[in-house]
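Quick notes on the structure that follows.
Quick caveat: nothing in here was measured; it's all calculated off a predicted structure. Throughout, protein chains are lettered first and strands after them, A, B, ... in sequence-line order, and every chain is numbered starting at 1.
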There are 2 protein chains.
Amino acid sequence: MATPAPARQRLDRLRDSALTDDIEFLNARARALGSATFNRLLEPLGLRVRSYSVLACACGGLAPTQRQLADFLRLDPSQIVSLVDELESAGLVRREVDPADRRSKIIVATDRGEEVYLVAQRAAREAEDSALAPLSAAERDQLRALMRRVAFPDDED
Amino acid sequence: MATPAPARQRLDRLRDSALTDDIEFLNARARALGSATFNRLLEPLGLRVRSYSVLACACGGLAPTQRQLADFLRLDPSQIVSLVDELESAGLVRREVDPADRRSKIIVATDRGEEVYLVAQRAAREAEDSALAPLSAAERDQLRALMRRVAFPDDED
DNA sequence: ATTCTACCATTGCGGTTCACAACGATCTCT
DNA sequence: AGAGATCGTTGTGAACCGCAATGGTAGAAT
């Protein structure tokens, strides 16, 4: 009962590689695991991880400009264009000219966008729940708090 | 002195979006921040994040098969092929037929591969250090431990 | 021993993600 | 009024990701 299988044993040796301590690698692997299930849950809604995050920002009256979306989501402005195009042609989001600056456009969710977002949010919770399954509730909060500071290094506390 | 700039104020509103608690999003953003600097540091060595991780597994006598690399790195086997091709033509890695199973090939680093890996590892440490700058040493260990469990959910403790 | 099934690396392909450069329209500053 | 910066947009090429099919090999079934 020592070792389940020889193949498994070999993989354990890789677990001893230096990568196991490499936060970049752990991040990549966790994301590979997580976003796969997330995208699968989002598929029936016609959304993907990236369009979901844009939609989330467009809801609740946040009314961001595309530039602000690009900064916040850490995406190239050109990517925002196609994501908003996609959401707009799906009727979930609207482009409005910023009255304060006619160059920029404000993204707001339509009524249908808000509805879809509520459903998508449930999918997000479900995906997250399965991704963080190995962790207790307290540990999840801890991880979230740490990741938040890594993801937003400019916010000095 | 309340608000530095109106643009900044707007972004703070996005900080209040539900995404700020979404581990999937935090992960994506952290990775976008991190891998950019990592790739920049790795560029002089002719490596990228993915080829670095393959090289890391090929060093230190771990001698994984390509299949094991695919499982461990969470990459499609076909991606491993091109990554190993790349490293092999750069002279950093060698393909050896597994004597126990002639179907599979074992990846081992050449002497030069081991040398390059040492330099690359320093770059990795530097990249990680800048990525985790907002965290104390204890918090970094904590984050690593939590991420390890999320990245390897099969390991029951 | 032969056949059947499963696995490995490989090739090829389509779609997604990402980074960068250029452009017209608009704002800001002088 | 003009110079320079910023916004959304378009275009392009590279990297990334996942799926299906193939030839060679291993192991189990008969």
Side-chain angles (χ1 to χ4, degrees), chain A residues 5-7 10-11 24 27-29 31-40 42-43 46-54 64-71 73-88 93-107, chain B residues 5-8 10-11 24-25 27-29 31-40 42-43 46-54 64-71 73-88 93-107:
Chain A
R10 266 280 188 64
L11 232 170
E24 197 70 38
N27 212 338
R29 209 188 127 103
R31 196 164 140 69
L33 287 170
S35 65
T37 75
F38 195 2
N39 275 329
R40 228 178 299 274
L42 242 32
E43 193 176 10
L47 292 175
R48 308 184 56 72
V49 173
R50 324 198 52 242
S51 40
Y52 166 76
S53 57
V54 170
T65 69
Q66 297 189 194
R67 166 64 54 173
Q68 290 164 348
L69 283 174
D71 290 342
L73 301 176
R74 246 328 144 118
L75 295 176
D76 194 82
S78 61
Q79 299 176 42
I80 302 290
V81 171
S82 50
L83 286 169
V84 171
D85 280 350
E86 191 186 321
L87 290 172
E88 194 175 35
V93 131
R94 223 179 16 242
R95 269 184 247 243
E96 293 183 358
V97 179
D98 185 349
D101 183 345
R102 301 211 328 269
R103 285 172 303 178
S104 49
K105 304 184 182 169
I106 291 176
I107 309 303
Chain B
R8 171 73 185 172
R10 267 278 190 64
L11 231 171
E24 199 69 39
F25 163 66
N27 211 339
R29 208 188 128 104
R31 195 164 141 69
L33 287 170
S35 66
T37 75
F38 195 4
N39 274 329
R40 229 178 296 275
L42 242 32
E43 194 177 9
L47 292 175
R48 306 185 57 74
V49 173
R50 329 209 34 249
S51 40
Y52 167 76
S53 57
V54 171
T65 69
Q66 297 189 193
R67 165 65 52 173
Q68 290 164 346
L69 283 173
D71 290 343
L73 301 176
R74 244 335 142 114
L75 296 176
D76 194 82
S78 60
Q79 301 176 40
I80 301 290
V81 171
S82 51
L83 285 169
V84 171
D85 281 350
E86 190 187 321
L87 289 172
E88 194 174 35
V93 131
R94 224 180 14 244
R95 268 183 245 244
E96 292 184 358
V97 179
D98 185 349
D101 183 344
R102 301 214 326 271
R103 284 172 303 178
S104 49
K105 304 186 181 167
I106 292 176
I107 308 304

Quiz item: Given that A/Arg74 and A/Ala100 both sit by DNA chain C, which one's nearest nucleotide is further toward the 5' end?
Solution: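 Closer to the 5' end of DNA chain C: A/Arg74.
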Self-check item: Ring-ring centroid check B/Phe38 B/Tyr52, cutoff 6.0 Å
Solution: yes
Practice problem: Mark yes when over 12 heavy atoms from residues, nucleotides or ligands other than A/Glu96 sit less than 6.0 Å from its CD; otherwise mark no. | Solution: yes
Quiz item: Taking five pairs at each end, how big is the angle between the two axes of the helix from C/dA1-D/dT30 to C/dT30-D/dA1, to 10°?
Solution: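 Computed angle between terminal axes is 30°.
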Practice problem: Provide, to the nearest angstrom, the distance between the CG atom belonging to B/Asp98 and the P atom belonging to D/dA26. | Solution: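 It works out to 10 Å between those atoms.
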Quiz item: Could you give the CG-to-C1' distance, from A/Leu75 to D/dA15, as a whole number of Å?
Solution: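 Checked: the CG to C1' distance equals 16 Å.
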Self-check item: Pairwise side-chain contact, A/Arg67 with A/Ser104, heavy-atom cut-off 4.5 Å (strictly under)
Solution: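 Counting from C-beta outward, A/Arg67 and A/Ser104 never come under 4.5 Å.
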Quiz item: Looking at A/Arg48, does any N or O in its side chain come under 4.0 Å of the phosphate oxygens OP1/OP2 on C/dT16?
Solution: no
Quiz item: Does the side chain of A/Arg102 get closer than 4.0 angstrom to OP1 or OP2 of C/dA25 through an N or O atom?
Solution: no
Self-check item: Lys/Arg N to Asp/Glu carboxylate O, A/Glu88 vs A/Arg95, below 4.0 Å
Solution: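 Here A/Glu88 pairs with A/Arg95 in a salt bridge, since their nearest N and O are under 4.0 Å apart.
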Self-check item: Partner of A/Leu83 under side-chain contact (heavy atoms from CB on, under 4.5 Å), chosen from A/Leu75, A/Val93, A/Leu73
Solution: A/Leu75
Is there any protein nitrogen or oxygen under 3.5 Å from a nitrogen or oxygen in nucleotides 4-9 of chain D, and what are the pairs?
residue: D/dT6; atom: O4'; partner: A/Arg103; partner atom: NH1; Å: 3.4
residue: D/dT6; atom: O2; partner: A/Arg103; partner atom: NH1; Å: 2.5
residue: D/dC7; atom: OP2; partner: A/Arg67; partner atom: NE; Å: 3.3
residue: D/dG8; atom: OP1; partner: A/Gln66; partner atom: N; Å: 2.9
residue: D/dG8; atom: OP1; partner: A/Arg67; partner atom: N; Å: 3.2
residue: D/dG8; atom: OP2; partner: A/Arg67; partner atom: N; Å: 2.9
residue: D/dG8; atom: O3'; partner: A/Lys105; partner atom: NZ; Å: 3.4
residue: D/dT9; atom: OP1; partner: A/Arg95; partner atom: NH1; Å: 3.1
residue: D/dT9; atom: OP1; partner: A/Lys105; partner atom: NZ; Å: 2.9
residue: D/dT9; atom: OP2; partner: A/Gln66; partner atom: OE1; Å: 2.9
residue: D/dT9; atom: OP2; partner: A/Gln66; partner atom: NE2; Å: 2.9
residue: D/dT9; atom: OP2; partner: A/Arg95; partner atom: NH1; Å: 2.5

Quiz item: Just by modelled atom types, is the B/Arg31 backbone N or O under 3.5 Å from a matching donor or acceptor in the B/Ser35 side chain?
Solution: yes
Quiz prompt | A/Gln66 side chain to A/Ile107 backbone, donor-acceptor under 3.5 Å | solution = no
Quiz item: From B/Ser53 OG over to A/Glu24 CD, what is the distance, rounded to the nearest 0.5 angstrom?
Solution: 10.5 Å
